[in-house]
Asks: 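First the structure, which I've put down as structure tokens, then a few questions once you've had a look.
So that the names make sense, note that chain A is the first sequence line, chain B the second, and so on, each numbered from 1.
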2 protein chains.
Amino acid sequence: MRVVIFQQRRGGVIIMSESHARQGPETRIRILDAAEKLFMEHGFDGTSMRMITSSAKVNLAAVNYHFGSKDALIQEVFRRRLSAMNKERLAALDALTEAAGGEPLKPSRIVEAFFGTSLEMAADTEHGGYTFMRLLGRTYTEPNSFVRQFLAEEYSECVERFLAELYRSLPGVPREEILWRFHFMMGATSYAIAGTDALQLFAGQFDDRDPARLMPRLMSFLLGGLRAALPDFSEQALEHRNAA
Amino acid sequence: MRVVIFQQRRGGVIIMSESHARQGPETRIRILDAAEKLFMEHGFDGTSMRMITSSAKVNLAAVNYHFGSKDALIQEVFRRRLSAMNKERLAALDALTEAAGGEPLKPSRIVEAFFGTSLEMAADTEHGGYTFMRLLGRTYTEPNSFVRQFLAEEYSECVERFLAELYRSLPGVPREEILWRFHFMMGATSYAIAGTDALQLFAGQFDDRDPARLMPRLMSFLLGGLRAALPDFSEQALEHRNAA
DNA sequence: GTATGATTCAAACGAACGTTTGAACGATAT
DNA sequence: ATATCGTTCAAACGTTCGTTTGAATCATAC
């Protein structure tokens, strides 16, 4: 009767390094990489254990041995990337606030620190960053997935700090509007990363997908939206809608 | 040996009206409504035939009898809504161009005609419009789904016409930039509709979800992004990224 | 009333699913 | 050499999947 403690994951790094790879790279990593790619392409339910293990060239039982279950594997796929990404974001924000010396930051700097990190990660096609960012984009829109709860916890601290800086940076703008616009910015960024196919389909002559140009393109759009004139909630808007 | 021709769907309306509803509303409609809701909540793969038929209170075999297969059901879920929505969009655009009498339209009008239609449909919680728009939002981000091909075909004509009007409306802006910004606008709108949970999670104090206010909110953001200053592709941008 | 043809129904089909099992393996420690 | 322990392996577990089947059920046409 073998008992495996899955909470060993963190300390397990030490064990792993002493251990021996029977067939090439570490099995855990191979599984995570394969799962990440397949989850991005086919979703969680559309990806079977057999697809993952055969793609990673490991035995079918390896996932349950190393991670415990399919759900636990999903969580680990997100954990290993999200934590680092949000740490990078917070570090960029810390650098900005320190350089500003107590003064409110420029909105453009805040937006660049947050969404620029997304784009940089998405530009990394060599180490799976691109794959992961597309997976992240499609996971946002899955309402009932248990991953949602996980994402919220992982994001909350980071988003709270960036929102606080945005509030300071735009003192004349109601916080509710900033919150909404932050939401819109996330949507635009998510599509910029994940939805290239969608754009390509109804626009055949579409060539310039140079990731180096995506950054200034997206930033122009985001900042234009963030600094746009405030919405008009008067009855004029209602008349306007009825007329249309 | 019973033979069922599934291509009867269109002419089938006549047959259906002569027919008799053995148990309340038409079985087809009940299935489509239940499937739409379940697909939105759990995705295509996460929704089983048994979930659909038990939710619609019909026999398990009813889906295969009326639609032929699960995939065909998925297509029909989209077809019955998408066609009407894009027709409405094109009608709105026709009304605008006619009123303008050959002159280029104002960008704000074009954006309102396209994305306003999305919001209006999403505001309809009584007839399933809201459910469908959320389903649509999550389907955009599923790369390998066969529905993607279907969506592209259904959208292409409509998007082409709106893009053409945007080009005419913004003669000084490179078409590639307009295309990208249209893409960004689709992302922001999709999140505005589908991603309310995401926003709520990391912003607990979030109250104002009044759909009547969403329209001017989103329009301000979209137009601000569309009319933003053009991106700077000079080497300055690269230096800037290295500095950050 | 009887034949017709569309629809519903309970039951079953083979295939694929996530997971478990116990033996085999291989490097390290004694 | 032998015992130990983490890992891999082939095989099987019970469950659920989408789909099919053939009989039962209904309103209509004759």
Asks: Rounded to whole Å, how long is the line connecting atom CG of A:L73 with atom P of C:dC17?
Replies: 15 Å

Asks: What is the distance, to the nearest angstrom, from the CE atom on B:M49 to the P atom on C:dC9?
Replies: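 For the pair B:M49 CE and C:dC9 P, the rounded distance is 17 Å.
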
Asks: For nucleotides 10-15 of chain C, give me one character per nucleotide, 5' to 3': B if any protein heavy atom sits under 4.0 Å from the base, S if the only such contacts are to the sugar-phosphate, - if neither.
Replies: B-B---

Asks: Find the distance A:D45:CG to D:dG18:P and express it as a whole number of Å.
Replies: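 Distance check: A:D45 CG to D:dG18 P gives 11 Å.
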
Asks: Measure OH/A:Y65 against C1'/D:dT7 and give the value in whole Å, please.
Replies: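 Nearest whole value for this atom pair: 5 Å.
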
Asks: Should A:S48 be listed as having a side-chain N or O under 4.0 Å from OP1 or OP2 of C:dC17?
Replies: yes

Asks: Check B:R161 with B:D94, please: is the shortest side-chain N to carboxylate O separation under 4.0 Å?
Replies: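 Yes, this pair counts.
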
Asks: Side-chain N or O of A:H66 versus OP1/OP2 of D:dT8: is the shortest distance under 4.0 Å?
Replies: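 True: A:H66 side-chain N/O within range (under 4.0 Å) of D:dT8 OP1/OP2.
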
Asks: Determine the interplanar angle of the B:F39 and B:F44 rings, folded into 0 to 90°, and report it as parallel if under 30°, tilted if 30 to 60°, perpendicular if over 60°.
Replies: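 Plane angle over 60°, so perpendicular.
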
Asks: Measure the distance from NZ on A:K57 to C1' on D:dT7 and round it to the nearest whole Å.
Replies: 20 Å

Asks: Choosing from D:dT20, C:dA6, D:dG18, which nucleotide comes nearest the side chain of B:N64?
Replies: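 Between D:dT20, C:dA6, D:dG18, the one nearest the side chain of B:N64 would be D:dT20.
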
Asks: Which heavy-atom pair separates A:D45 from B:H42 by the least distance, and what is that distance?
Replies: OD2-O, 4.1 Å

Asks: If you measure from the Lys or Arg side-chain nitrogens to the Asp or Glu carboxylate oxygens, is any gap between B:R213 and A:E176 under 4.0 Å?
Replies: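 Salt bridge absent between B:R213 and A:E176.
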
Asks: Please confirm whether the shortest side-chain N or O distance from A:T27 to OP1 or OP2 of D:dT8 is below 4.0 Å.
Replies: yes

Asks: Is B:R79 paired with B:E154 through a side-chain N to carboxylate O contact shorter than 4.0 Å?
Replies: no

Asks: Can you tell me how far P of C:dT19 sits from CZ of A:F67, to the nearest Å?
Replies: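 Atom-to-atom, A:F67 to C:dT19, this comes out as 13 Å.
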
Asks: Using a cut-off of 4.0 Å on non-hydrogen atoms, how would the nucleic acid contact of A:T53 be classed: base, sugar-phosphate, or nothing?
Replies: nothing

Asks: Could you check whether A:R134 and B:T141, counting side-chain N and O atoms only, form a donor-acceptor pair closer than 3.5 Å?
Replies: no

Asks: Write down the distance between CD1 (B:I52) and P (D:dT19), rounded to a whole number of angstrom.
Replies: 10 Å

Asks: Which one of B:Y155, B:Y140, B:F132 satisfies the ring-ring contact (aromatic ring centres under 6.0 Å, His included) criterion with B:F78?
Replies: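 That would be B:F132; it is the only one of B:Y155, B:Y140, B:F132 passing the ring-ring contact (aromatic ring centres under 6.0 Å, His included) with B:F78.
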
Asks: How close or far is atom P of D:dT15 from atom NZ of A:K70, stated in whole angstroms?
Replies: 19 Å

